[in-house]
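First the structure, in the form of C-alpha cells, and then the observations on it.
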Amino acid sequence: MLLALVLALVAPPAGTAEIAGERYREWTKPPVEVAAPAPWVARRELSFRPVEGGLQLRGRWTIKSFGTGWFSGELFADAPALRVVSARWGAAPATLKVDAAGAMTVTGRVAGSVELTVEAFVPGDPTREAVALKLLPAVRGTIEAAAPTGLAPALRVDGEAALAVREKQWSGAREVALSFVTPPAPAADRPPVVVAKVGIGVTVGDAELRGRARAVWEVRQGEVSTLALETAGLGADLEVVGANVRGFTREGERVRVELQAPVRDRVELELRWSQAIGKAAESRVSLPKIAPVDVFHSEVALQLARDGEVEAVPEAPGWSYVASAALPGWAQGLVEGTATTALVQQGGAGAGSLSLLRFVPLEGPPVVVNVAAYTIATSREGRALVRAHYEVRNERAAHLRLSPPAGFKVIGVRVGGQTAAPARAKDGSWIVPLLRSVETVTGLLSFPVEVILLGEASEWRRRETRELRLPTLDAPVAVSRLTLHLPPGYRSRKRAGDGDVVAAFTRGEGITYGLGVGEVGAAQADMVFQDAVQAWMRNDFRAAQDKLDALRGMGAKNENIARLQSNLDVVAGKSSVSQDMSLQRRVREQAKARAYADVQAQAELKKKAEDERARGDYAASASSYQQAIAVGDKLAQLEQTEVVDQKTTNAALVEEYRQVQTQSSEGRRKRTKKIGGKAKSSGSSVYDFADDTLSGSMTTPTGSAGLPKQAAGNVPAGGEVTKPVEAPADQEVADRDLDGVSAADSGVADGPALGGDVAKPPVAAPEPAPATSTSRDFTAVVDLAPTSGAPMPSPPAPPEEPRVMRTAAALEVVTVQRRLGGRLAARRASRAMDTKFKAERSRSEAPGRKDRLNVAGMPSPEVHASALSVVVPAVGEAVRYQRLLLPAGAAYAVEISAKEPLIAKE
C-alpha cells in the first residue's frame with residue numbers, strides 16, 4: 001500500500017509528458033544569430049582622359065552594407081608609378097595604405113552606403129601600348145574613355161573586349177587595359193569578308209543529267225554587289241535565279257552574277273542545268289564543279305540520285321563520303337528520285353568524274369526454253385503418260401502457251417516446284433503462268449516448268465509404225481530431248497542416227513545436275529535448288545549458301561548453281577573484278593530493294609532499345625541493340641561501296657550499345673554496394689537477381705506438360721497428320737543418327753541433311769499386290785500430290801527393289817518424339833506411322849484395280865506421284881531422241897518404229 005501511494009504521488013499530472021533532458025535543452029536553446037554579410041562594392045564608374053605623360057583617372061565606387069560594418073579592399077595593385085591626387089571616403093578623406101610593392105589598400109566604416117571617389121594619374125602612352133591597371137572590382141560598372149583626335153579607344157577587360165553600349169563600356173572587372181588605335185573604316189570602305197556554301201545535286205536519268213545547285217554567300221564584313229563562280233561540267237542551258245539577281249554572264253568557265261543592290265548580309269542563288277549522256281553501256285562524265293571566287297572560306301556538298309536504270313559511280317579524290325541525312329540544310333532537297341551517294345569537301349570542289357553504267361539487255365525473245373526434256377511411258381493399249389520438264393529462262397513474259405497434241409490432256413502443272421493453276425484458252429491451248437527469272441551476275445537463272453499429260457491412241461500392233469507428236473510451245477527451244485519407253489516386250493527398229501534417234505544425249509545434261517542417280521535424284525536436287533532461290537529472294541543469304549553447299553554434297557553441279565553462287569559472292573564481297581560491274585551493282589540494288597522488312601525491323605528494334613533504356617532496363621536494351629546491330633550488318637552488305645548511310649547508322653547503334661553496357665555495369669556496382677551496406681547496418685538485406693548471371697541451367701519436367709505449346713501441339717493424335725514445322729538452322733532433322741537411332745530404325749529415308757529444313761522425300765511405294773489382273777492400264781495411278789500434305793496412294797513397286805520412304809509428316813513426328821523421349825519414342829513413332837500409312841493405303845485401293853501384274857509376270861509401267869515430281873521410271877526399252885533449235889510455235893513429232901517378237905527373250 002505504501003509503495004502504491006508513493007508511486008501515485010510522484011506520477012506526472014494529467015496532460016503532461018516526459019522527455020529526455022538532452023531533447024528538452026535542444027528544443028529550448030536560444031536561436032543561432034546569423035551574421036550579416038560584409039560590405040560590398042555594388043557599383044563602379046571610371047573615366048579616362050589623356051593628359052601629358054599619361055592618363056587622368058577619375059573613379060567612383062559605391063559601397064553598401066546591411067547595417068554598420070567595416071570595409072577593406074585593394075584599390076590599386078601592381079602600380080608603383082601611379083600617383084593618387086585625391087581620395088575621399090564620403091565627405092571625409094579616405095584612409096589609404098601603400099605597401100612596398102605599390103599595392104594601395106583603402107579601409108573605412110560603412111553605415112548602409114558610402115561613396116569612394118578617387119582622382120589619380122596613370123603614367124603611360126596608350127597610343128604605343130596598352131596601359132594596364134588592376135582596380136577594385138565591383139558588381140557592375142561603366143567605363144568611359146576619351147581618345148585624341150583621329151584615334152579611338154580600345155578597351156579590354158580581363159583579357160576580352162568590353163561590352164560597348166553607345167559610348168560606354170560596361171564592366172566592373174578587376175583588370176582593365178586601355179589603348180588608343182586607328183578607328184575602323186566605314187563598312188563601305190572595308191574589304192568584304194565572305195563565307196560561301198554550295199550544295200550541288202545531280203540526278204542521273206536515262207538520257208541526261210539534271211543538275212541543281214544552291215549557292216549561299218554570307219557577308220561577314222563589307223558589302224558585295226557582284227558574285228563570281230568558277231564552274232565546270234555545267235550544261236549550255238545554265239540558269240541562275242535569285243531574289244536580288246539582275247543578270248549573269250558566262251566568261252568561259254567563270255560565271256559572273258550582277259546584283260540589283262549591294263548586299264551586306266546574305267545572298268542565295270539557285271542554278272539549274274542539264275547535260276546529255278551517251279547511250280553506250282559504259283560512259284564517263286565530269287563531276288559538276290561550282291567554286292565561289294574571292295571568298296574567305298567555302299564549303300561544298302554534293303548528292304547523287306537516279307530516277308532511271310543508269311548507275312552512277314563517283315570517282316572523287318579528295319571528297320569524303322557521308323550519310324545523306326548528315327548533309328547540312330543548304331545541301332538538302334536538290335535531287336529527284338532515289339538518293340544514292342552524298343559527298344562533302346572543304347575549301348571548294350575538286351576534280352572528279354562519274355562512271356555511268358547502263359544495263360543493256362541483249363535483244364532476244366521474252367522467254368526461252370533452254371531444255372525441253374520429255375519422258376514418255378507407253379502401254380500396249382495405246383495410252384501414253386508424258387512428263388514434260390522445261391528449263392525456262394524468262395526475261396519479261398507473263399505466261400507460256402502450251403498446246404497439247406491431239407488426244408492428250410493436261411493433268412498437272414508445276415512451276416518452280418510449286419503447283420500452278422493454268423488457264424484454258426479458246427483454241428484448246430493451256431496458258432501457264434510464269435515466274436520472272438532471277439538475275440545473276442553471269443545471266444538469268446532458269447526455273448523448271450513441269451507438265452504432265454495423259455493421252456489415248458489406238459492399240460499397238462505387233463509391228464508398229466506411228467508418229468508421236470509433242471506439245472507445241474510459243475517459245476523457242478534450244479534443246480529438245482525425249483526418252484520414250486516402249487510397251488513391255490517391244491523392241492525398237494530404229495538405231496542411233498536414224499532421224500533424231502541418238503544413243504545418248506549430248507546436250508541439255510545440266511537439268512540433271514550432273515547426278516548419276518537417275519531422275520529421282522535430279523528432282524530432289526531441283527527442289528533443294530528452288531529452296532536456295534527462295535532463300536535468296538527473301539535475302540536469307542546464309543540459308544541460300546547452306547542449300548548450295550548441300551547440293552554440292554549431293555554431287556550436284558550445273559550452270560544454275562554457279563550463277564546463284566556468283567550472286568552470293570557479290571553480297572559477301574567476294575565478286576571477281578572481271579565480272580560486269582553494272583550487273584554486280586544491279587544485283588546488290590535488287591537485294592537492297594527487297595530488304596524493306598529488315599530496314600523496318602531495325603528501326604523497331606532501335607526504338608524498343610531506346611524505350612527499355614529510358615525505363616532503366618539496361619540488360620533488355622543491350623539485347624535489343626545487339627539484334628539491331630546484327631540486322632544492320634546484313635543491310636550494310638547490300639550497300640554500294642560509295643554509300644555509307646547504313647554504316648553510319650550501325651556505328652551510332654554500336655556507340656549507344658556501349659553506353660548502355662556502361663550504364664548497366666555502373667548500376668550493377670551500385671546495387672552491389674547498396675546491398676552490402678544495408679547488410680552491415682541492419683543485419684538483413686533484400687537481394688535483387690535482375691542483372692546477375694547464375695551458373696547452371698533451367699530444368700523442365702519431362703513429358704508434354706513441360707514442352708512449349710508449339711512443340712506439344714505438333715504430336716499427331718488419332719488419324720491426324722501434322723503439318724511440317726520448320727526446324728532450326730542448327731538442327732539436322734534428316735540426320736542419319738537421331739540420338740543414336742539409325743535412319744533405318746527411325747524410319748527416315750536416307751538423304752542428305754539439307755540445312756536443317758525438313759526434306760520432302762517421295763511418297764512410299766507399297767508392297768506389290770497379288771498378280772490377279774491381266775490389264776496394264778495405269779490411268780488410275782496418275783495424280784498430283786494433294787496440297788494438304790496427306791499421303792497419297794502409289795502404284796506397286798518392283799519386287800526386286802523394295803524401298804520404304806516416309807512422308808514429311810513422318811519426319812515431323814520423329815522430330816517431336818525425339819524431343820519427348822529419345823531413341824524409344826522415335827522407334828515407336830516410326831512404327832505407328834508405318835501402320836497408319838499402310839492402313840490408309842489399303843483403304844484407298846479398290847479391290848478390283850487394273851494396274852496389277854499380269855499372269856505372265858509382265859510389270860506395268862511404274863509411276864510415282866509425290867511432292868517432289870512425277871517420275872516415269874524405265875519400263876520397256878528406252879529410245880532416245882534429240883532435236884536442237886526448235887523455233888517458237890513449231891510442231892515436233894518423233895517417228896516410232898517397233899515390233900514385238902513372237903518369242904520374248906525373257
Side-chain angles (χ1 to χ4, degrees), residues 191-205 207-219 222-260 262-263 266-278 280 283-305 310 312-321 327-328 330-331 334-336 341-356:
V193 177
V194 182
V195 174
K197 302 173 182 178
V198 179
I200 307 173
V202 179
T203 303
V204 182
E208 62 179 4
L209 299 180
R210 299 188 303 276
R212 182 183 173 190
R214 181 184 295 120
V216 179
W217 283 263
E218 295 179 355
V219 183
E223 62 182 25
V224 293
S225 58
T226 303
L227 306 176
L229 294 168
E230 194 72 29
T231 65
L234 306 187
D237 59 346
L238 176 65
E239 297 179 1
V240 181
V241 295
N244 195 25
V245 175
R246 175 177 296 173
F248 73 97
T249 57
R250 301 187 70 171
E251 303 171 357
E253 297 296 335
R254 177 163 293 194
V255 177
R256 192 174 300 276
V257 181
E258 295 291 337
L259 303 179
Q260 293 180 357
V263 176
R266 190 175 186 272
V267 183
E268 182 174 332
L269 303 180
E270 185 171 322
L271 293 79
R272 293 179 180 270
W273 72 93
S274 63
Q275 183 180 357
I277 60 177
S283 58
R284 186 181 296 272
V285 297
S286 299
L287 270 177
K289 176 186 176 182
I290 302 177
V293 181
D294 299 331
V295 296
F296 175 73
H297 175 72
S298 65
E299 298 179 26
V300 181
L302 186 146
Q303 189 174 23
L304 291 177
V310 179
V313 184
E315 297 179 7
W319 293 75
S320 299
Y321 293 99
L327 287 176
W330 44 266
L334 299 175
V335 295
E336 305 170 8
T341 311
L343 307 95
V344 295
Q345 187 185 53
Q346 300 288 337
S353 62
L354 284 178
S355 297
L356 303 179

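Just so you know, residue 1 is the first one in the sequence shown, and it goes up from there.
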Answer whether the closest heavy-atom distance between the side chains of Val267 and Asn244 falls below 4.5 Å. no
Please test Trp217 against Leu269 for side chain to side chain contact (heavy atoms under 4.5 Å, CB included), starting from the C-alpha separation and ending with a verdict. CA-CA 9 Å; Trp217 283 263; Leu269 303 180; 3.5 Å; yes
Please determine whether side chain to side chain contact (heavy atoms under 4.5 Å, CB included) holds for the pair Val344 and Leu327, giving the CA-CA distance in whole Å, both sets of side-chain angles, and the decisive distance to 0.1 Å. CA-CA 8 Å; Val344 295; Leu327 287 176; 3.9 Å; yes
Please find the pair of heavy atoms, one from Val204 and one from Ala312, that lie closest to each other, and give the distance. CG2-CB, 3.7 Å
Measuring from atom OG1 of Thr203 to atom CG of Leu209, what distance do you get when rounded to the nearest 0.5 angstrom? 9.0 Å
Report yes if the side chains of Val198 and Pro292 come closer than 4.5 Å at any heavy-atom pair, otherwise no. yes
How long is the span from the OG atom in Ser298 to the CG atom in Leu229, to the nearest 0.5 Å? 10.5 Å
State, to 0.1 Å, how close Trp330 and Leu334 come at their nearest heavy-atom pair, and which atoms those are. O-CD1, 4.3 Å
Table please: side-chain donor-acceptor pairs of residues 230-241 below 3.5 Å, with sequence neighbours left out.
unit_1	atom_1	unit_2	atom_2	d
Glu230	OE1	Arg254	NE	3.2
Glu230	OE1	Arg254	NH2	3.2
Thr231	OG1	Glu253	O	2.7
Asp237	OD1	Ser274	N	3.1
Asp237	OD2	Ser274	OG	2.5

Locate the shortest heavy-atom distance separating Ala331 from Arg214; write the atom from each residue and the value. N-NH1, 4.2 Å
Would Val300 and Ile200 count as a side chain to side chain contact (heavy atoms under 4.5 Å, CB included) here? Give the steps. CA-CA 8 Å; Val300 181; Ile200 307 173; 4.2 Å; yes
Heavy-atom check, side chain of Pro314 versus side chain of Leu354, under 4.5 Å: yes
Keeping Arg246 on the side-chain end and Glu258 on the backbone end, is there a donor-acceptor pair under 3.5 Å? no
I'd like to know if the side chain of Thr341 and the backbone of Leu304 have a donor-acceptor N/O pair within less than 3.5 Å. no
Atom pair CD (Glu299) and NE2 (His297), whose distance is rounded to the nearest 0.5 Å: 4.0 Å
Check step by step if salt bridge (charged side-chain N to carboxylate O under 4.0 Å, His left out) holds for Glu218 and Lys197. CA-CA 8 Å; Glu218 295 179 355; Lys197 302 173 182 178; 3.6 Å; yes
Would you indicate whether the side-chain heavy atoms of Asp294 and Val194 approach each other to under 4.5 Å? no
Identify the two heavy atoms, one from Arg210 and one from Gly205, that lie closest to each other, and give their separation to 0.1 Å. NH1-CA, 4.4 Å
